[in-house]
Amino acid sequence: MSDSTKDLLRLATIGSVDDGKSTLIGRLLVDTRQLFDDQLDAVAHASQKRGVGDLDLSFVTDGLRAEREQGITIDVAYRYAATPTRKFIIADCPGHVQYTRNMATGASTADLALVVVDVNHGLKEQTRRHLVIAALLGVRSLVVAVNKMDTVNWSPTAYQSVVDEVDTIAGELGFANHVCVPVSALLGDNVVDVSPVSAWYEGPSVLGALEVADAGVWESAGAPRLPIQWVLRQDGGGRTYAGMMNGGTLLVGDTLTLLPAGVATTVTSIRAGSGEREDAVAGLSVDVALAEDTDAGRGDLLAAAPLPRVTRELDATICWFGDAPLEAGQRLRVKHTTRSTPARVVSLDGVIDITTLNVESTRELSTNEIGLARLATADALAVDDYRDNRVTGSFVLIDEVTNATVAAGMVGRASFLD
Amino acid sequence: MTVTPLRTHPSLDHLDALESQAVFILREVAAECERPVLLFSGGKDSAVLLHLAVKAFSPQRLPFPVMHVDTGQNFPEVLEFRDRTVERLGARLVVARVQDSIDRGRVVDPGPLGSRNRLQSVTLLDAITEHGFDAAFGGARRDEDKARAKERILSFRNGFGQWDPRAQRPELWQLYQGRVNHGEHLRAFPLSDWTELDIWQYIEREQMALPSIYFAHQREVLKRDSMWLAVGPHVVPREGEVTEWRSVRFRTVGDANCTGAVESDADTLAAIVHEVAVANVSERGATRADDRFSETAMEDRKREGYF
Ligand SMILES: Nc1nc2c(ncn2[C@@H]2O[C@H](COP(=O)(O)OP(=O)(O)OP(=O)(O)O)[C@@H](O)[C@H]2O)c(=O)[nH]1
Ligand SMILES: [Mg+2]
């Protein structure tokens, strides 16, 4: 298989603090020989210096001084790996509740979540919170490593009780598929190769599961959407509109509507990094020329039918990361596609109880809570429901004073809340 | 859930996907920030970055200047490439000199043979303040180092130019938000998800020009700290050191006195791609003395404001 056509799986590790996410990624990378000799030496040297054994596998991704001192992951580490069949971008996320915003950062671009659960504890509240966030973000597939099996003498009953819990919540949250694997990240059993220590287990290793996992289902990519980033002046006076394609494939000759203005127009040419082309697929940065003379600019959206709705009121699911609670009436800034505009919280319509998955009424959302809110925006936005389009259905909220990003927002509500 | 996938279509070629992501980031930051600048050292990563920036805004001219932080200890081949490239593109070049920081008393002169590597941070931050830049594009990649592996694509710097790895902004989806208050700035890393191999495959595909020292050539070298250093004005043999001629090339380009050469016969892009694909030592491990000071050398320098 030629290198550039190998498919790419983006995965994020999720799960509660200390359940073994970083150790598992370290083990996967070491046992598939993804580390250079000097990197492996450096991990061994740092482990010995800190008196945590000959080789602390969590140090492969826990690269910050504070992380190594405290033995926890603070922020996401990205690692790149390739096996003969697949390329991987791995986001090793922190489990600690204080760093939930970093976990959401890592999971927001993932196709698959590699969930790590300590067999001794089962699904903790934080594991459930991560699963809820992953489901909201639209992750469809899970590989669940039931970890530290060495500490329960590879007991099939202990394993099964975690599997039962996982089956229940994966069903409730509507994941398309999930695979459980009993492992010892520390010792390497069932991580890359299936181990004889669990003769009773008949499934794949973690790597085996990752190599065949669904990298995303492409059957319904929806209608073409092109948020305009930049207007390019062409030599000789014309203009083209630059941005990254998203949704379905765009063809020269397609009719698009410029939103929010609502003006129809036709695509007369498409250009990408390598030159003129007839089509543009999702993920390609392009610039397009239009038949009609429009006053399109940054923040506008070019879309094919079915069109997004143009609105100044959004009902959305919010993951709140601000330090102070979010309350009705609060003013923030929204960044949606390439448009940024002031917004106000009209009402808070509930908070998700992580244990029951019910929506309870509330007056505020505290840090790391997930809730439902109605927002009013100063400028009109052209939005799709997040479940129909991740780009036109997502936004972030920005604190107007500090400019910090304080929330992830998804237009509409996830099906598990219906 | 029936959410449609966020990312790239499966038919999108791997290098096209990386190129598109980088172009998207370049356009987003250029649109959101008032005064961006692109850091251009003449090395391979910044050459790729500049190449992508030209694509992102063509046929317009680059909407920002490029800046080189000049330690005064560069390889002449690299400076020559820098000037040739900037002239070909008609780009505006700002040169910030470590020597000027020394002359102004901002940093202490380490002497003609001492390393000026760490002093660069002061020169860089002073230049950012002087020109009022609110965003600086860099060619750093997450696969280079364990601290870089932790960094956001848009990385916030406080009023002192510092990176605080414990308090990074969340960065959801591809919603890069570049708002900063006066005196603060961003570093933007469009090549975050590229590996060394991706860089070389892309250079080969695009048939890009590079400084000659990336290709195998005969050079007088000496072994110091288990690295081959090029003998020249910044590397003078010490007592007991012997010099010899070898076929070498450079995998990274930094200061002449702390960048090691690797033994190699790879004198074409195809040969380099092959060599990189089978390497078993990392690019910085093989060649950068500046990373060997301590376990967290890169993190410490980044906290101070380094690239
Ligand atoms: N016995 C045993 N210990 C394990 C296993 N996997 C991980 N551990 C230990 O569990 C502890 C936590 O491991 P980490 O990999 O740092 O956990 P983590 O999930 O990455 O933690 P955070 O990133 O901070 O959320 C370490 O002391 C590991 O050595 C395992 O399979 N068996
Ligand atoms: Mg961890």
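A, B, ... follow the sequence lines: proteins, then strands. Residue 1 opens every chain.
A donor-acceptor pair is defined here as one N or O able to donate and one able to accept, closer than 3.5 Å; such a pair exists between the side chain of A:Q229 and the backbone of B:F24. The backbone N or O of B:P170 sits nowhere less than 3.5 Å from a side-chain atom of A:T105 that would complete a donor-acceptor pair. No side-chain donor-acceptor contact under 3.5 Å links A:R65 to the backbone of B:D300. Not one N or O on the side chain of B:D16 forms a donor-acceptor pair closer than 3.5 Å with the backbone of A:G273.
At a 4.5 Å heavy-atom cutoff, the contact between B:S192 and chain A is made by backbone atoms alone. Heavy-atom distances place no part of A:V406 under 4.5 Å from chain B, backbone and side chain included. For a residue to count as touching a neighbouring chain, one of its non-hydrogen atoms must lie under 4.5 Å from one of that chain's; by this rule B:E19 touches chain A with the side chain only. Heavy-atom distances place no part of B:R148 under 4.5 Å from chain A, backbone and side chain included. At a 4.5 Å heavy-atom cutoff, the contact between B:K150 and chain A is made by backbone and side-chain atoms alike. Looking at B:A30, both its backbone and its side chain come within 4.5 Å of chain A, counting heavy atoms on both sides.
Side-chain contact check for B:R141 and A:Y78: no donor-acceptor pair (N or O, by modelled atom type) lies under 3.5 Å.
A:R68 has no carboxylate O lying under 4.0 Å from a charged side-chain N of B:E299, or vice versa, which leaves the two without a salt bridge. In summary, B:K146 and A:E67 do not engage in a salt bridge, as defined by a charged side-chain N under 4.0 Å from a carboxylate O.
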Could you please spell out the steps behind the side-chain hydrogen bond (donor to acceptor under 3.5 Å, both in side chains) verdict for B:S282 and A:Q39?
CA-CA 7 Å; B:S282 77; A:Q39 294 174 324; 4.7 Å; no
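Per-residue counts of heavy-atom pairs under 4.5 Å with chain A were compared for B:K55, B:Q168, B:R166; the largest is that of B:R166.
Distance check: B:R179 CZ to A:R333 CZ gives 4.0 Å after rounding to the nearest 0.5 Å.
The closest side-chain heavy-atom distance from B:E32 to A:R298 is below 4.5 Å.
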